[in-house]
Protein chains: 2
Amino acid sequence: MATGRTHRPATRSRGIPEATVARLPLYLRALTALSERSVPTVSSEELAAAAGVNSAKLRKDFSYLGSYGTRGVGYDVEYLVYQISRELGLTQDWPVVIVGIGNLGAALANYGGFASRGFRVAALIDADPAMAGKPVAGIPVQHSDDLEKIIQDNGVSIGVIATPAGAAQAVCERLVAAGVTSILNFAPTVLSVPDGVDVRKVDLSIELQILAFHEQRKAGEEAAASDGGAPTAAARSDSADQGPDGDMPAVMPA
Amino acid sequence: MATGRTHRPATRSRGIPEATVARLPLYLRALTALSERSVPTVSSEELAAAAGVNSAKLRKDFSYLGSYGTRGVGYDVEYLVYQISRELGLTQDWPVVIVGIGNLGAALANYGGFASRGFRVAALIDADPAMAGKPVAGIPVQHSDDLEKIIQDNGVSIGVIATPAGAAQAVCERLVAAGVTSILNFAPTVLSVPDGVDVRKVDLSIELQILAFHEQRKAGEEAAASDGGAPTAAARSDSADQGPDGDMPAVMPA
DNA sequence: GAATGTGAACCCGTTCACAGCG
DNA sequence: CGCTGTGAACGGGTTCACATTC
(Lines give C-alpha, C1' and ligand atoms only; values in the text may rest on other atoms or scores of the structure.)
Protein backbone atom coordinates (compact mmCIF):
# COMPACT_ATOMS: atom_id res chain seq x y z
CA MET A 1 0.00 0.00 0.00
CA ALA A 2 0.93 3.60 -0.26
CA THR A 3 2.04 4.33 3.27
CA GLY A 4 2.28 1.22 5.28
CA ARG A 5 4.26 2.65 8.12
CA THR A 6 1.42 4.63 9.63
CA HIS A 7 0.87 2.61 12.74
CA ARG A 8 0.85 5.74 14.76
CA PRO A 9 -0.54 5.15 18.25
CA ALA A 10 -2.31 8.47 17.73
CA THR A 11 -4.68 8.84 20.64
CA ARG A 12 -2.99 6.38 22.89
CA SER A 13 -4.96 7.84 25.72
CA ARG A 14 -8.35 6.51 24.58
CA GLY A 15 -7.07 3.46 22.75
CA ILE A 16 -10.09 1.39 21.91
CA PRO A 17 -9.13 -1.60 19.77
CA GLU A 18 -10.39 -1.52 16.22
CA ALA A 19 -12.09 -4.86 16.65
CA THR A 20 -14.04 -3.44 19.54
CA VAL A 21 -15.04 -0.32 17.65
CA ALA A 22 -16.35 -2.50 14.89
CA ARG A 23 -18.64 -4.28 17.32
CA LEU A 24 -19.99 -1.26 19.14
CA PRO A 25 -22.62 -0.60 16.47
CA LEU A 26 -23.78 -4.17 16.92
CA TYR A 27 -24.23 -3.73 20.63
CA LEU A 28 -25.89 -0.41 20.05
CA ARG A 29 -28.47 -1.93 17.79
CA ALA A 30 -29.28 -4.69 20.25
CA LEU A 31 -29.49 -2.18 23.07
CA THR A 32 -31.76 0.08 21.10
CA ALA A 33 -34.13 -2.80 20.55
CA LEU A 34 -34.15 -3.51 24.27
CA SER A 35 -34.66 0.13 25.03
CA GLU A 36 -37.70 0.22 22.78
CA ARG A 37 -39.13 -2.67 24.72
CA SER A 38 -38.41 -0.71 27.90
CA VAL A 39 -36.08 -3.35 29.27
CA PRO A 40 -34.17 -1.65 32.08
CA THR A 41 -31.09 -3.86 32.41
CA VAL A 42 -29.31 -6.69 30.60
CA SER A 43 -26.65 -9.15 31.57
CA SER A 44 -23.60 -9.57 29.38
CA GLU A 45 -24.91 -13.00 28.54
CA GLU A 46 -28.25 -11.80 27.23
CA LEU A 47 -26.88 -8.85 25.36
CA ALA A 48 -24.14 -10.95 23.82
CA ALA A 49 -26.71 -13.41 22.53
CA ALA A 50 -28.74 -10.59 21.01
CA ALA A 51 -25.69 -9.14 19.32
CA GLY A 52 -24.35 -12.46 18.13
CA VAL A 53 -21.08 -12.54 20.04
CA ASN A 54 -19.96 -14.33 23.18
CA SER A 55 -20.25 -12.76 26.56
CA ALA A 56 -16.56 -12.70 27.43
CA LYS A 57 -15.83 -10.68 24.36
CA LEU A 58 -18.63 -8.29 25.11
CA ARG A 59 -17.46 -7.71 28.65
CA LYS A 60 -13.92 -7.13 27.49
CA ASP A 61 -15.18 -4.70 24.88
CA PHE A 62 -17.15 -2.74 27.43
CA SER A 63 -14.22 -2.68 29.77
CA TYR A 64 -12.40 -0.47 27.28
CA LEU A 65 -15.15 2.08 27.56
CA GLY A 66 -15.13 2.08 31.33
CA SER A 67 -16.95 0.31 34.12
CA TYR A 68 -20.53 0.84 33.12
CA GLY A 69 -22.00 -2.32 34.60
CA THR A 70 -23.09 -3.40 38.05
CA ARG A 71 -21.77 -6.68 39.36
CA GLY A 72 -24.43 -9.15 40.19
CA VAL A 73 -26.92 -7.21 38.09
CA GLY A 74 -25.82 -6.31 34.60
CA TYR A 75 -25.85 -3.17 32.48
CA ASP A 76 -28.31 -0.33 32.49
CA VAL A 77 -29.71 -0.25 28.98
CA GLU A 78 -30.35 3.47 28.62
CA TYR A 79 -27.05 4.40 30.10
CA LEU A 80 -25.15 2.07 27.82
CA VAL A 81 -27.01 3.30 24.76
CA TYR A 82 -25.90 6.78 25.62
CA GLN A 83 -22.30 5.87 26.35
CA ILE A 84 -21.84 3.87 23.20
CA SER A 85 -23.53 6.51 21.08
CA ARG A 86 -21.23 9.10 22.50
CA GLU A 87 -18.18 6.95 21.99
CA LEU A 88 -19.10 6.38 18.37
CA GLY A 89 -19.75 10.05 17.86
CA LEU A 90 -23.43 9.54 17.12
CA THR A 91 -24.61 12.23 19.46
CA GLN A 92 -23.65 14.71 16.82
CA ASP A 93 -25.10 15.20 13.39
CA TRP A 94 -23.16 13.79 10.46
CA PRO A 95 -24.15 15.19 7.10
CA VAL A 96 -23.42 12.65 4.38
CA VAL A 97 -23.43 12.90 0.62
CA ILE A 98 -24.12 10.00 -1.67
CA VAL A 99 -22.50 10.14 -5.07
CA GLY A 100 -23.93 7.97 -7.83
CA ILE A 101 -27.68 7.63 -7.67
CA GLY A 102 -28.32 4.39 -9.48
CA ASN A 103 -30.20 1.55 -7.90
CA LEU A 104 -27.67 1.23 -5.16
CA GLY A 105 -27.44 4.93 -4.46
CA ALA A 106 -31.22 5.10 -4.31
CA ALA A 107 -31.30 2.15 -1.95
CA LEU A 108 -28.83 3.89 0.29
CA ALA A 109 -30.77 7.14 0.18
CA ASN A 110 -33.87 5.27 1.24
CA TYR A 111 -32.14 3.25 3.90
CA GLY A 112 -33.75 4.00 7.23
CA GLY A 113 -30.79 2.99 9.33
CA PHE A 114 -29.04 6.25 8.53
CA ALA A 115 -31.34 8.84 9.97
CA SER A 116 -31.88 6.85 13.11
CA ARG A 117 -28.19 6.98 13.96
CA GLY A 118 -27.25 10.59 13.59
CA PHE A 119 -26.54 10.41 9.88
CA ARG A 120 -28.33 12.82 7.64
CA VAL A 121 -28.31 12.54 3.88
CA ALA A 122 -27.36 16.10 3.06
CA ALA A 123 -27.27 15.65 -0.69
CA LEU A 124 -27.50 13.22 -3.56
CA ILE A 125 -25.14 13.74 -6.45
CA ASP A 126 -25.11 12.20 -9.89
CA ALA A 127 -23.25 12.83 -13.12
CA ASP A 128 -26.31 12.30 -15.29
CA PRO A 129 -27.89 15.66 -16.17
CA ALA A 130 -31.20 13.89 -16.70
CA MET A 131 -31.27 12.98 -13.02
CA ALA A 132 -30.76 16.54 -11.81
CA GLY A 133 -33.73 17.85 -9.89
CA LYS A 134 -35.44 14.48 -9.67
CA PRO A 135 -36.26 13.66 -6.09
CA VAL A 136 -35.01 10.38 -4.68
CA ALA A 137 -36.13 9.53 -1.18
CA GLY A 138 -37.51 13.03 -1.03
CA ILE A 139 -34.19 14.66 -1.80
CA PRO A 140 -33.55 16.30 -5.16
CA VAL A 141 -30.56 14.92 -7.03
CA GLN A 142 -27.90 17.49 -7.82
CA HIS A 143 -25.44 17.46 -10.64
CA SER A 144 -21.87 16.53 -9.95
CA ASP A 145 -20.60 19.79 -11.37
CA ASP A 146 -21.56 21.33 -8.06
CA LEU A 147 -19.93 18.65 -5.93
CA GLU A 148 -17.36 20.88 -4.28
CA LYS A 149 -19.85 23.58 -3.44
CA ILE A 150 -22.31 21.05 -2.01
CA ILE A 151 -19.66 19.53 0.22
CA GLN A 152 -18.57 22.86 1.55
CA ASP A 153 -22.00 24.39 2.00
CA ASN A 154 -23.12 21.43 4.03
CA GLY A 155 -19.95 20.85 5.97
CA VAL A 156 -19.81 17.29 4.82
CA SER A 157 -16.95 15.12 6.02
CA ILE A 158 -18.34 11.70 5.12
CA GLY A 159 -18.97 10.68 1.54
CA VAL A 160 -20.51 7.56 0.06
CA ILE A 161 -19.42 6.44 -3.37
CA ALA A 162 -21.95 4.36 -5.26
CA THR A 163 -20.80 5.08 -8.77
CA PRO A 164 -19.58 2.60 -11.36
CA ALA A 165 -16.03 1.42 -10.77
CA GLY A 166 -14.62 3.57 -13.53
CA ALA A 167 -15.75 6.82 -11.97
CA ALA A 168 -14.91 6.04 -8.38
CA GLN A 169 -11.31 7.22 -8.16
CA ALA A 170 -12.07 10.55 -9.80
CA VAL A 171 -15.07 11.13 -7.56
CA CYS A 172 -12.97 10.17 -4.58
CA GLU A 173 -10.32 12.71 -5.42
CA ARG A 174 -12.86 15.47 -5.82
CA LEU A 175 -14.48 14.57 -2.52
CA VAL A 176 -11.18 14.60 -0.72
CA ALA A 177 -10.11 17.85 -2.32
CA ALA A 178 -13.38 19.38 -1.18
CA GLY A 179 -12.74 18.36 2.40
CA VAL A 180 -14.20 14.88 2.85
CA THR A 181 -12.07 12.77 5.16
CA SER A 182 -14.09 9.56 5.42
CA ILE A 183 -15.33 7.56 2.50
CA LEU A 184 -17.58 4.54 2.25
CA ASN A 185 -16.88 2.93 -1.08
CA PHE A 186 -19.29 0.60 -2.83
CA ALA A 187 -17.51 0.65 -6.15
CA PRO A 188 -15.41 -2.44 -6.80
CA THR A 189 -12.11 -0.61 -6.95
CA VAL A 190 -9.19 0.07 -4.70
CA LEU A 191 -9.26 3.76 -3.98
CA SER A 192 -6.05 5.54 -3.25
CA VAL A 193 -6.31 8.43 -0.87
CA PRO A 194 -3.87 10.66 0.97
CA ASP A 195 -2.96 10.04 4.57
CA GLY A 196 -5.57 11.11 7.04
CA VAL A 197 -8.48 9.96 4.90
CA ASP A 198 -10.33 6.82 5.94
CA VAL A 199 -11.79 4.50 3.38
CA ARG A 200 -14.05 1.62 4.12
CA LYS A 201 -15.07 -0.71 1.38
CA VAL A 202 -18.20 -2.74 0.88
CA ASP A 203 -18.00 -5.21 -1.91
CA LEU A 204 -20.88 -7.48 -2.74
CA SER A 205 -19.02 -9.65 -5.12
CA ILE A 206 -16.26 -10.32 -2.62
CA GLU A 207 -18.72 -11.43 0.02
CA LEU A 208 -20.29 -13.86 -2.39
CA GLN A 209 -16.94 -15.23 -3.39
CA ILE A 210 -16.08 -15.92 0.20
CA LEU A 211 -19.35 -17.75 0.62
CA ALA A 212 -18.65 -19.74 -2.51
CA PHE A 213 -15.32 -20.81 -1.11
CA HIS A 214 -16.91 -22.24 2.00
CA GLU A 215 -19.78 -23.68 0.05
CA GLN A 216 -17.37 -25.52 -2.16
CA ARG A 217 -15.48 -26.76 0.83
CA LYS A 218 -18.65 -28.17 2.32
CA ALA A 219 -19.41 -30.06 -0.84
CA GLY A 220 -15.86 -31.32 -1.01
CA GLU A 221 -15.92 -32.62 2.53
CA GLU A 222 -19.09 -34.52 1.92
CA ALA A 223 -17.44 -36.43 -0.85
CA ALA A 224 -14.06 -36.79 0.80
CA ALA A 225 -15.15 -39.01 3.64
CA SER A 226 -11.79 -40.59 3.04
CA ASP A 227 -9.91 -39.29 6.03
CA GLY A 228 -12.24 -39.05 8.97
CA GLY A 229 -13.13 -42.66 9.37
CA ALA A 230 -16.83 -42.02 9.70
CA PRO A 231 -18.78 -44.57 7.73
CA THR A 232 -20.44 -43.35 4.58
CA ALA A 233 -23.83 -43.18 6.16
CA ALA A 234 -22.72 -40.57 8.65
CA ALA A 235 -21.32 -38.26 6.01
CA ARG A 236 -23.58 -35.36 6.94
CA SER A 237 -22.55 -31.98 5.65
CA ASP A 238 -23.24 -30.28 8.91
CA SER A 239 -19.70 -30.75 10.03
CA ALA A 240 -18.80 -27.57 8.23
CA ASP A 241 -18.08 -24.92 10.79
CA GLN A 242 -20.42 -22.01 10.64
CA GLY A 243 -17.83 -19.40 9.96
CA PRO A 244 -15.28 -18.10 12.39
CA ASP A 245 -16.23 -15.35 14.71
CA GLY A 246 -14.09 -12.55 13.44
CA ASP A 247 -13.23 -11.89 9.87
CA MET A 248 -11.89 -8.96 8.06
CA PRO A 249 -12.42 -7.61 4.59
CA ALA A 250 -14.53 -4.57 4.13
CA VAL A 251 -11.73 -2.26 4.99
CA MET A 252 -9.12 -0.91 2.75
CA PRO A 253 -6.73 1.86 3.48
CA ALA A 254 -4.98 3.97 0.91
CA MET B 1 -23.54 -16.90 19.47
CA ALA B 2 -25.42 -20.12 19.23
CA THR B 3 -22.61 -22.60 18.92
CA GLY B 4 -19.29 -21.05 19.67
CA ARG B 5 -17.30 -24.17 20.00
CA THR B 6 -17.25 -24.99 16.34
CA HIS B 7 -13.62 -24.34 15.69
CA ARG B 8 -13.38 -27.59 13.87
CA PRO B 9 -10.19 -27.88 11.87
CA ALA B 10 -12.42 -29.48 9.28
CA THR B 11 -10.28 -29.73 6.17
CA ARG B 12 -6.99 -29.53 7.94
CA SER B 13 -5.44 -30.80 4.79
CA ARG B 14 -6.14 -27.65 2.76
CA GLY B 15 -6.17 -25.18 5.60
CA ILE B 16 -6.19 -21.76 4.03
CA PRO B 17 -6.50 -19.05 6.68
CA GLU B 18 -9.76 -17.13 6.65
CA ALA B 19 -7.92 -13.86 6.30
CA THR B 20 -6.29 -15.16 3.17
CA VAL B 21 -9.55 -16.41 1.70
CA ALA B 22 -11.01 -12.96 2.26
CA ARG B 23 -8.25 -11.42 0.19
CA LEU B 24 -8.28 -13.86 -2.69
CA PRO B 25 -11.17 -12.07 -4.42
CA LEU B 26 -9.15 -8.88 -4.20
CA TYR B 27 -6.19 -10.46 -5.92
CA LEU B 28 -8.46 -12.05 -8.44
CA ARG B 29 -9.92 -8.72 -9.41
CA ALA B 30 -6.53 -7.13 -9.82
CA LEU B 31 -5.32 -10.09 -11.84
CA THR B 32 -8.36 -10.02 -14.06
CA ALA B 33 -7.66 -6.40 -14.86
CA LEU B 34 -4.07 -7.28 -15.76
CA SER B 35 -5.25 -10.18 -17.82
CA GLU B 36 -7.53 -7.91 -19.81
CA ARG B 37 -4.57 -5.72 -20.57
CA SER B 38 -2.70 -8.84 -21.67
CA VAL B 39 0.00 -8.41 -19.07
CA PRO B 40 1.79 -11.76 -18.92
CA THR B 41 3.44 -11.62 -15.49
CA VAL B 42 3.44 -9.55 -12.31
CA SER B 43 5.74 -9.28 -9.36
CA SER B 44 4.33 -9.56 -5.87
CA GLU B 45 5.15 -5.90 -5.43
CA GLU B 46 3.10 -4.75 -8.41
CA LEU B 47 0.16 -7.00 -7.74
CA ALA B 48 0.11 -6.07 -4.09
CA ALA B 49 -0.05 -2.39 -4.98
CA ALA B 50 -2.94 -3.04 -7.33
CA ALA B 51 -4.81 -4.99 -4.71
CA GLY B 52 -4.08 -2.55 -1.92
CA VAL B 53 -2.07 -4.82 0.36
CA ASN B 54 1.62 -5.16 1.03
CA SER B 55 3.77 -7.57 -0.85
CA ALA B 56 4.85 -9.72 2.07
CA LYS B 57 1.25 -10.47 2.89
CA LEU B 58 0.48 -11.29 -0.69
CA ARG B 59 3.38 -13.67 -1.00
CA LYS B 60 2.43 -15.37 2.23
CA ASP B 61 -1.14 -15.67 1.03
CA PHE B 62 -0.08 -17.26 -2.23
CA SER B 63 2.22 -19.61 -0.42
CA TYR B 64 -0.85 -21.25 1.11
CA LEU B 65 -2.13 -22.07 -2.36
CA GLY B 66 1.14 -23.55 -3.52
CA SER B 67 4.26 -22.35 -5.29
CA TYR B 68 2.78 -20.67 -8.29
CA GLY B 69 5.46 -18.04 -8.84
CA THR B 70 8.85 -18.03 -10.49
CA ARG B 71 11.74 -16.63 -8.50
CA GLY B 72 13.43 -13.73 -10.08
CA VAL B 73 10.42 -13.21 -12.34
CA GLY B 74 7.04 -13.09 -10.67
CA TYR B 75 3.67 -14.72 -11.22
CA ASP B 76 2.06 -15.79 -14.43
CA VAL B 77 -1.15 -13.79 -14.60
CA GLU B 78 -3.34 -16.27 -16.45
CA TYR B 79 -2.20 -19.18 -14.39
CA LEU B 80 -2.86 -17.36 -11.14
CA VAL B 81 -6.29 -16.26 -12.29
CA TYR B 82 -7.13 -19.85 -12.91
CA GLN B 83 -5.70 -21.15 -9.65
CA ILE B 84 -7.43 -18.58 -7.52
CA SER B 85 -10.71 -19.03 -9.35
CA ARG B 86 -10.52 -22.70 -8.77
CA GLU B 87 -9.62 -22.29 -5.13
CA LEU B 88 -12.58 -20.00 -4.60
CA GLY B 89 -14.88 -22.37 -6.41
CA LEU B 90 -15.61 -19.91 -9.19
CA THR B 91 -15.01 -22.36 -11.96
CA GLN B 92 -18.40 -23.74 -11.25
CA ASP B 93 -21.76 -22.12 -11.64
CA TRP B 94 -23.45 -20.82 -8.50
CA PRO B 95 -27.14 -20.17 -8.84
CA VAL B 96 -28.20 -17.49 -6.39
CA VAL B 97 -31.58 -16.23 -5.31
CA ILE B 98 -32.25 -12.75 -4.07
CA VAL B 99 -35.12 -12.33 -1.65
CA GLY B 100 -36.59 -8.90 -1.20
CA ILE B 101 -36.67 -6.86 -4.38
CA GLY B 102 -36.74 -3.30 -3.13
CA ASN B 103 -34.17 -0.76 -4.17
CA LEU B 104 -31.39 -2.79 -2.72
CA GLY B 105 -32.55 -6.09 -4.15
CA ALA B 106 -32.87 -4.44 -7.55
CA ALA B 107 -29.40 -2.98 -7.21
CA LEU B 108 -28.05 -6.42 -6.44
CA ALA B 109 -29.91 -7.97 -9.34
CA ASN B 110 -28.39 -5.42 -11.67
CA TYR B 111 -24.93 -5.69 -10.23
CA GLY B 112 -22.56 -6.76 -12.93
CA GLY B 113 -19.96 -8.22 -10.62
CA PHE B 114 -22.06 -11.31 -10.11
CA ALA B 115 -22.29 -12.78 -13.54
CA SER B 116 -18.64 -12.16 -14.23
CA ARG B 117 -17.59 -14.39 -11.36
CA GLY B 118 -19.59 -17.53 -11.79
CA PHE B 119 -22.63 -16.32 -9.96
CA ARG B 120 -25.95 -16.49 -11.72
CA VAL B 121 -29.07 -14.83 -10.43
CA ALA B 122 -31.41 -17.78 -10.72
CA ALA B 123 -34.45 -16.05 -9.29
CA LEU B 124 -35.79 -12.93 -7.65
CA ILE B 125 -38.31 -13.38 -4.89
CA ASP B 126 -40.56 -10.86 -3.20
CA ALA B 127 -43.48 -11.02 -0.81
CA ASP B 128 -45.42 -8.31 -2.57
CA PRO B 129 -47.97 -9.85 -4.98
CA ALA B 130 -47.89 -6.65 -7.01
CA MET B 131 -44.27 -7.32 -7.88
CA ALA B 132 -44.90 -10.80 -9.18
CA GLY B 133 -44.16 -11.13 -12.86
CA LYS B 134 -42.50 -7.74 -13.13
CA PRO B 135 -39.07 -8.06 -14.65
CA VAL B 136 -36.13 -6.64 -12.75
CA ALA B 137 -32.79 -6.75 -14.49
CA GLY B 138 -34.51 -8.90 -17.08
CA ILE B 139 -35.63 -11.48 -14.58
CA PRO B 140 -39.28 -11.81 -13.59
CA VAL B 141 -39.92 -11.48 -9.88
CA GLN B 142 -41.59 -14.47 -8.29
CA HIS B 143 -43.79 -14.56 -5.27
CA SER B 144 -42.38 -15.81 -2.02
CA ASP B 145 -45.07 -18.46 -1.72
CA ASP B 146 -43.05 -20.48 -4.17
CA LEU B 147 -39.72 -19.97 -2.42
CA GLU B 148 -39.11 -23.59 -1.54
CA LYS B 149 -39.93 -24.84 -5.01
CA ILE B 150 -37.71 -22.21 -6.63
CA ILE B 151 -34.77 -23.12 -4.44
CA GLN B 152 -35.12 -26.79 -5.16
CA ASP B 153 -35.81 -26.51 -8.87
CA ASN B 154 -32.73 -24.40 -9.37
CA GLY B 155 -30.45 -26.25 -7.00
CA VAL B 156 -29.69 -23.04 -5.15
CA SER B 157 -27.31 -23.18 -2.21
CA ILE B 158 -26.59 -19.47 -1.84
CA GLY B 159 -29.28 -17.00 -0.86
CA VAL B 160 -29.18 -13.24 -0.56
CA ILE B 161 -31.53 -11.56 1.90
CA ALA B 162 -32.41 -7.98 1.08
CA THR B 163 -35.71 -7.77 2.91
CA PRO B 164 -36.64 -5.41 5.72
CA ALA B 165 -35.20 -6.43 9.07
CA GLY B 166 -38.49 -7.73 10.35
CA ALA B 167 -38.82 -10.34 7.64
CA ALA B 168 -35.24 -11.51 7.53
CA GLN B 169 -35.24 -14.27 10.14
CA ALA B 170 -38.37 -15.88 8.73
CA VAL B 171 -37.00 -15.75 5.20
CA CYS B 172 -33.73 -17.14 6.45
CA GLU B 173 -35.44 -20.10 8.04
CA ARG B 174 -37.37 -20.89 4.91
CA LEU B 175 -34.23 -20.66 2.81
CA VAL B 176 -32.34 -22.97 5.11
CA ALA B 177 -35.20 -25.44 5.30
CA ALA B 178 -35.29 -25.50 1.51
CA GLY B 179 -31.61 -26.36 1.32
CA VAL B 180 -29.68 -23.11 1.24
CA THR B 181 -26.44 -23.36 3.19
CA SER B 182 -24.86 -19.96 2.58
CA ILE B 183 -26.55 -16.65 3.18
CA LEU B 184 -25.54 -13.11 2.46
CA ASN B 185 -27.59 -10.90 4.74
CA PHE B 186 -28.21 -7.23 4.06
CA ALA B 187 -30.94 -6.86 6.64
CA PRO B 188 -29.80 -5.20 9.83
CA THR B 189 -30.49 -8.18 12.07
CA VAL B 190 -28.58 -10.98 13.63
CA LEU B 191 -29.74 -14.14 11.92
CA SER B 192 -29.64 -17.36 13.79
CA VAL B 193 -29.01 -20.41 11.73
CA PRO B 194 -28.24 -24.05 12.42
CA ASP B 195 -24.73 -25.40 12.31
CA GLY B 196 -23.36 -25.90 8.87
CA VAL B 197 -24.93 -22.77 7.47
CA ASP B 198 -22.70 -19.81 6.74
CA VAL B 199 -23.95 -16.30 7.16
CA ARG B 200 -22.13 -13.21 6.04
CA LYS B 201 -23.50 -9.84 6.91
CA VAL B 202 -23.24 -6.54 5.13
CA ASP B 203 -24.45 -3.62 7.14
CA LEU B 204 -24.35 -0.12 5.76
CA SER B 205 -25.19 1.58 8.96
CA ILE B 206 -22.41 -0.19 10.82
CA GLU B 207 -19.83 0.86 8.30
CA LEU B 208 -20.91 4.46 8.62
CA GLN B 209 -20.79 4.29 12.37
CA ILE B 210 -17.23 3.06 12.27
CA LEU B 211 -16.31 5.91 9.99
CA ALA B 212 -18.02 8.33 12.34
CA PHE B 213 -15.94 7.03 15.20
CA HIS B 214 -12.70 7.73 13.40
CA GLU B 215 -13.96 11.00 12.08
CA GLN B 216 -14.76 12.12 15.57
CA ARG B 217 -11.36 11.03 16.75
CA LYS B 218 -9.69 13.11 14.05
CA ALA B 219 -11.60 16.20 15.12
CA GLY B 220 -10.72 15.55 18.73
CA GLU B 221 -7.03 15.20 18.03
CA GLU B 222 -6.94 18.44 16.14
CA ALA B 223 -8.16 20.26 19.20
CA ALA B 224 -6.11 18.27 21.69
CA ALA B 225 -2.68 19.40 20.57
CA SER B 226 -1.91 19.26 24.25
CA ASP B 227 0.26 16.18 24.47
CA GLY B 228 2.51 15.86 21.46
CA GLY B 229 4.88 18.71 22.02
CA ALA B 230 4.73 19.86 18.43
CA PRO B 231 4.27 23.60 18.28
CA THR B 232 0.79 24.81 17.47
CA ALA B 233 1.63 25.67 13.91
CA ALA B 234 2.40 22.07 13.08
CA ALA B 235 -0.93 20.75 14.32
CA ARG B 236 -1.94 19.32 10.99
CA SER B 237 -4.80 16.88 11.07
CA ASP B 238 -3.04 14.50 8.73
CA SER B 239 -1.50 12.73 11.65
CA ALA B 240 -4.59 10.56 11.78
CA ASP B 241 -3.60 7.15 10.63
CA GLN B 242 -5.36 6.07 7.54
CA GLY B 243 -6.99 3.07 9.04
CA PRO B 244 -5.26 -0.16 9.89
CA ASP B 245 -4.69 -2.66 7.23
CA GLY B 246 -6.92 -5.45 8.36
CA ASP B 247 -10.26 -5.00 10.01
CA MET B 248 -13.11 -7.23 10.61
CA PRO B 249 -16.88 -6.71 10.74
CA ALA B 250 -19.02 -7.79 7.88
CA VAL B 251 -19.10 -11.30 9.14
CA MET B 252 -21.44 -12.78 11.58
CA PRO B 253 -21.88 -16.41 12.38
CA ALA B 254 -25.05 -17.94 13.75
C1' DG C 1 -25.24 -15.78 44.88
C1' DA C 2 -24.75 -13.55 40.60
C1' DA C 3 -22.61 -11.18 37.19
C1' DT C 4 -18.91 -7.81 36.12
C1' DG C 5 -14.11 -6.65 35.15
C1' DT C 6 -9.55 -8.23 33.99
C1' DG C 7 -4.79 -10.48 34.10
C1' DA C 8 -2.83 -14.27 31.71
C1' DA C 9 -2.75 -17.81 28.22
C1' DC C 10 -3.61 -18.69 23.80
C1' DC C 11 -4.31 -18.26 18.89
C1' DC C 12 -4.28 -16.15 14.47
C1' DG C 13 -2.55 -13.00 11.40
C1' DT C 14 1.07 -9.71 10.01
C1' DT C 15 5.65 -8.34 9.35
C1' DC C 16 10.47 -9.12 9.06
C1' DA C 17 14.37 -10.71 7.01
C1' DC C 18 16.75 -13.89 4.60
C1' DA C 19 17.59 -18.42 2.49
C1' DG C 20 16.56 -20.56 -1.87
C1' DC C 21 16.01 -20.70 -6.60
C1' DG C 22 15.54 -19.30 -11.49
C1' DC D 1 21.10 -10.53 -9.32
C1' DG D 2 15.99 -10.37 -8.50
C1' DC D 3 12.10 -12.02 -6.65
C1' DT D 4 9.76 -15.76 -4.51
C1' DG D 5 8.81 -18.58 -0.54
C1' DT D 6 8.98 -19.14 4.38
C1' DG D 7 10.72 -19.71 9.32
C1' DA D 8 10.75 -16.76 13.15
C1' DA D 9 9.52 -12.67 15.73
C1' DC D 10 5.90 -9.81 16.80
C1' DG D 11 1.37 -7.93 17.97
C1' DG D 12 -3.56 -7.74 18.33
C1' DG D 13 -7.61 -10.06 19.51
C1' DT D 14 -10.06 -13.82 21.75
C1' DT D 15 -10.84 -16.89 25.37
C1' DC D 16 -10.25 -18.55 29.94
C1' DA D 17 -10.91 -18.41 34.58
C1' DC D 18 -11.15 -16.13 38.70
C1' DA D 19 -10.89 -12.30 41.92
C1' DT D 20 -13.96 -8.56 42.83
C1' DT D 21 -18.01 -6.23 43.87
C1' DC D 22 -22.89 -5.53 44.54
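In what follows, chains carry the letters A, B, and so on, assigned in the order in which the sequence lines appear, proteins first and then strands, with residues in each chain numbered from 1.
Distances from the side chain of A:Ser63 to the nucleotides C:dG13, D:dT14, C:dG5 place C:dG5 closest. Residue A:Ala19 places its side chain closer to D:dT14 than to any other of D:dG5, C:dT14, D:dT14. Checked against D:dT14, D:dG13, C:dG5, the side chain of A:Tyr64 finds its nearest nucleotide in D:dT14.
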Set out, line by line, the N/O atom pairs under 3.5 Å between protein and nucleotides 17-22 of chain D.
residue	atom	partner	partner atom	Å
D:dT20	O2	A:Arg71	NH1	2.5
D:dT21	O4'	A:Arg71	NE	3.3

Close N/O contacts between protein and nucleotides 7-10 of chain D (under 3.5 Å):
residue	atom	partner	partner atom	Å
D:dG7	N7	B:Lys60	NZ	3.4

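Remark: of the listed residues B:Arg29, B:Arg200, B:Arg117, B:Arg29 is the sole one forming a salt bridge (charged side-chain N to carboxylate O under 4.0 Å, His left out) with A:Asp203. Partner of A:Tyr27 under the side chain to side chain donor-acceptor pair (under 3.5 Å) criterion, out of A:Thr32, A:Thr20, A:Asp61: A:Asp61 alone.
Rounded to a whole Å, the CG atom of A:Asp61 is 10 Å from the C1' atom of D:dT14. For B:Phe62 and D:dC3, the CZ to C1' distance is 14 Å, given to the nearest whole Å. Across the protein-nucleic acid pair, B:Tyr68 atom OH and D:dG5 atom P stand 11 Å apart, rounded to whole Å. Distance B:Lys57 NZ to C:dC12 P: 17 Å, rounded to the nearest Å. Taking atom CD of residue A:Glu18 and atom P of nucleotide C:dC12, one finds them 22 Å apart after rounding to whole Å. Between B:Leu58 atom CG and D:dT6 atom C1' the separation is 14 Å, expressed in whole Å. Going from atom CD1 of A:Ile16 over to atom C1' of D:dG12 covers 15 Å, rounded to whole Å. For the pair B:Asp76 CG and C:dG22 C1', the computed distance is 15 Å after rounding to whole Å.
Atom CG of residue A:Leu80 and atom CG of residue A:Leu34 lie 10.0 Å apart, to the nearest 0.5 angstrom. Note that CG of A:Leu211 and CD1 of B:Ile183 are 9.0 Å apart. Values are rounded to the nearest 0.5 Å.
Put simply, A:Asn54 has a side-chain N or O that comes within less than 4.0 Å of OP1 or OP2 on D:dT15. Under 4.0 angstrom from either OP1 or OP2 of C:dT4 there lies at least one side-chain N or O belonging to A:Ser44.
Residues B:Pro188 and A:Tyr111 meet the side-chain proximity criterion, which asks for heavy atoms closer than 4.5 Å.
Judged purely by distance below 3.5 Å, without hydrogens or angles, the side chains of B:Tyr79 and B:Gln83 pair a donor atom with an acceptor atom. Side chains of B:Glu173 and B:Gln169: a donor on one and an acceptor on the other come within 3.5 Å. A donor and an acceptor atom, one from each side chain of B:Arg86 and B:Thr91, are nowhere located under 3.5 Å apart.
Separation of the A:Tyr75 and A:Phe62 ring centroids falls under the 6.0 Å cut-off.
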